[in-house]
There are 2 protein chains.
Amino acid sequence: MARAGLTTERLTRAGADLADEVGFDHVTASELARRFDVKVASLYSHVRNTHDLRTRIALLALEELADRASDAVAGRAGKDALTAFANVYRDYAREHPGRAAATRMSLDPETAAASAGVRHAQMTRAILRGYDLTEPDQTHAVRLLGSVFHGYVSLELAGGFSHSAPDSQETWTRTMDALDALLRNWPTPPTR
Amino acid sequence: MARAGLTTERLTRAGADLADEVGFDHVTASELARRFDVKVASLYSHVRNTHDLRTRIALLALEELADRASDAVAGRAGKDALTAFANVYRDYAREHPGRAAATRMSLDPETAAASAGVRHAQMTRAILRGYDLTEPDQTHAVRLLGSVFHGYVSLELAGGFSHSAPDSQETWTRTMDALDALLRNWPTPPTR
DNA sequence: GCGTTTGCCTAAAGCGTTTAGGCAAATTAG
DNA sequence: CTAATTTGCCTAAACGCTTTAGGCAAACGC
């Protein structure tokens with residue numbers, strides 16, 4: 001009986017592809033086994049369980065995304081960097097909807113801390129160096145940017161912005177303008 | 001054999017409660033049947049299938065959320081309205097994480113169009129009347145606000161902002177400041 | 001070549017979904 | 001008030017996904 005050459009690595013990668021094809025929450029051990037022409041039980045030597053598989057896909061996607069983002073911001077600054085960075089998120093989600101959905105899965109704290117999520121935060125901070133923000137405003141801004149990217153991409157992918165004018169690309173461009181303007185004129189807390 | 005008094009309505013409501021307790025994607029027909037002390041098959045007279053059940057929960061949550069939001073913005077304007085509106089989203093998600101997750105489920109276009117999602121967009125527009133925005137900027141702003149609320153709440157609920165200073169409440173407050181400032185000084189598109 | 005490790009297998013149990021068909025309770029009509 | 005009809009929940013059964021236990025054979029290390 002020839003061996004299929006399963007590894008955790010290959011399963012994760014194939015799982016990510018599967019996610020892009022059928023949606024992250026239709027990623028199933030059974031389907032994966034089918035694709036490798038292998039019995040389901042065989043997967044369990046390489047992956048603890050379905051949740052473990054999903055987690056690995058999420059981590060893979062976070063890494064890929066961080067790599068792309070890293071490339072994108074290299075040699076750029078200010079609004080240019082901001083836009084390039086944001087576009088990475090949006091483009092990745094459009095090319096790889098399943099992987100993108102995976103990045104939205106909630107990871108347990110230890111896993112999250114060991115993930116590329118940390119790199120994402122660092123890169124966001126790097127971008128903010130082009131603006132005049134000091135702590136704690138920088139952290140607030142990191143969180144705000146994360147929220148916008150995350151939220152926009154989710155809504156767009158869910159079809160929230162289709163079938164209504166103006167088209168999503170236009171809003172995206174203007175969102176970049178808005179964020180740039182906001183970061184250049186970050187408000188000091190009004191007296192409350 | 002006494003009847004349990006199942007209705008689509010009651011199932012949906014119980015499903016929503018279940019979602020808040022165990023998480024939206026652990027909402028299962030079996031568990032729901034257990035809670036009503038009824039056989040699983042009995043549910044299928046009231047609900048087409050599990051996806052139908054989930055969709056109904058999502059629609060319920062959207063309605064509840066719209067009702068709350070409607071109350072919150074009544075009699076308020078400007079930043080006051082913006083903050084009250086935003087707080088509704090955040091508070092709802094904290095009180096009802098399962099229902100909130102349901103609102104993030106992607107609905108097919110017809111269902112979405114018939115949902116309270118439409119009311120949400122209208123209310124957001126109403127809030128923007130306190131700022132000086134005309135179309136198409138108003139639509140861009142509606143989408144941006146939606147993205148921020150949606151994204152922030154998701155990330156916060158996933159634990160993204162816990163275990164690091166400053167605390168999430170502080171960022172939330174400053175996010176309101178930032179959005180208010182942004183809307184008051186909405187940038188015109190730079191010459192590109 | 002031989003022993004050990006490793007990889008994939010068969011088998012089986014458990015649980016969730018969904019459909020088909022049936023009996024009894026509730027409702028409506030005469 | 002009883003008879004007919006509708007409605008609500010049932011049993012039964014098929015199917016798919018997950019997960020564990022235990023086995024045989026291929027690959028590898030000496």
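Below, chain A is the first sequence line, B the second, and so on; all start at residue 1. Because only heavy atoms are used, hydrogens play no part in the values below, and waters and symmetry mates are left out as well, while side chains stay in.
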Practice task
Specify the separation, in whole Å, of atom NZ of A:K39 and atom P of D:dC24.
Solution key: 18 Å
Handout entry: Cationic N near anionic O, under 4.0 Å, A:R119 to A:E63
Key = yes
Exercise for the section: Taking the six-membered ring for Trp and the full ring for Phe, Tyr or His, determine whether the centres of A:W186 and A:Y131 are under 6.0 Å apart. Expected result: no
Pairs under 3.5 Å (N/O, protein and nucleotides 5-7 of chain D):
| unit_1 | atom_1 | unit_2 | atom_2 | d |
| --- | --- | --- | --- | --- |
| D:dT7 | O2 | B:R3 | NH2 | 3.1 |

Handout entry: Carboxylate-amine/guanidinium contact A:R174 A:D177, below 4.0 Å
Key = yes
Exercise for the section: Would you please indicate if the ring centroids of B:H46 and B:F36 are separated by under 6.0 Å? Expected result: no
Handout entry: Electrostatic pair A:D25-A:R54, nearest N-O below 4.0 angstrom
Key = no
Completion exercise
Residues at least two apart in sequence or cross-chain that pass side chain to side chain donor-acceptor pair (under 3.5 Å) with A:T8, listed by chain then number, are none
Problem - Verdict with reasoning, B:Y152 to B:F161, per ring pair (Phe, Tyr, Trp, His ring centres under 6.0 Å) - result: CA-CA 9 Å; B:Y152 193 96; B:F161 304 150; 4.9 Å; yes
Exercise for the section: Please list, chain by chain and in numerical order, all residues satisfying side chain to side chain donor-acceptor pair (under 3.5 Å) with B:D91, sequence neighbours excluded. Expected result: none
Exercise for the section: Run the salt-bridge test on A:E9 and A:R13 with the 4.0 Å N-O cut-off and return the result as yes or no. Expected result: yes
Practice task
Within residues 40-54 of chain A, find the residues that approach DNA chain D with a heavy atom at under 4.0 Å, and present them sorted by residue number.
Solution key: A:V40, A:A41, A:Y44, A:N49, A:T50
Practice task
Specify the residues of residues 12-35 of chain A, ordered by number, for which at least one heavy atom lies under 4.0 angstrom from an atom of DNA chain C.
Solution key: none
Exercise for the section: Look at the aromatic rings of A:Y92 and A:H96 and report parallel, tilted or perpendicular, splitting at 30° and 60°. Expected result: tilted
Problem - A:T83 side chain to A:K79 backbone, donor-acceptor under 3.5 Å - result: yes
Completion exercise
Computed from five pairs at either end and rounded to 10 degrees, the angle between the axes of the helix from C:dG1-D:dC30 to C:dG30-D:dC1 is 20°
Problem - CZ on B:R143 to OG1 on B:T124, rounded to 0.5 Å - result: 12.5 Å
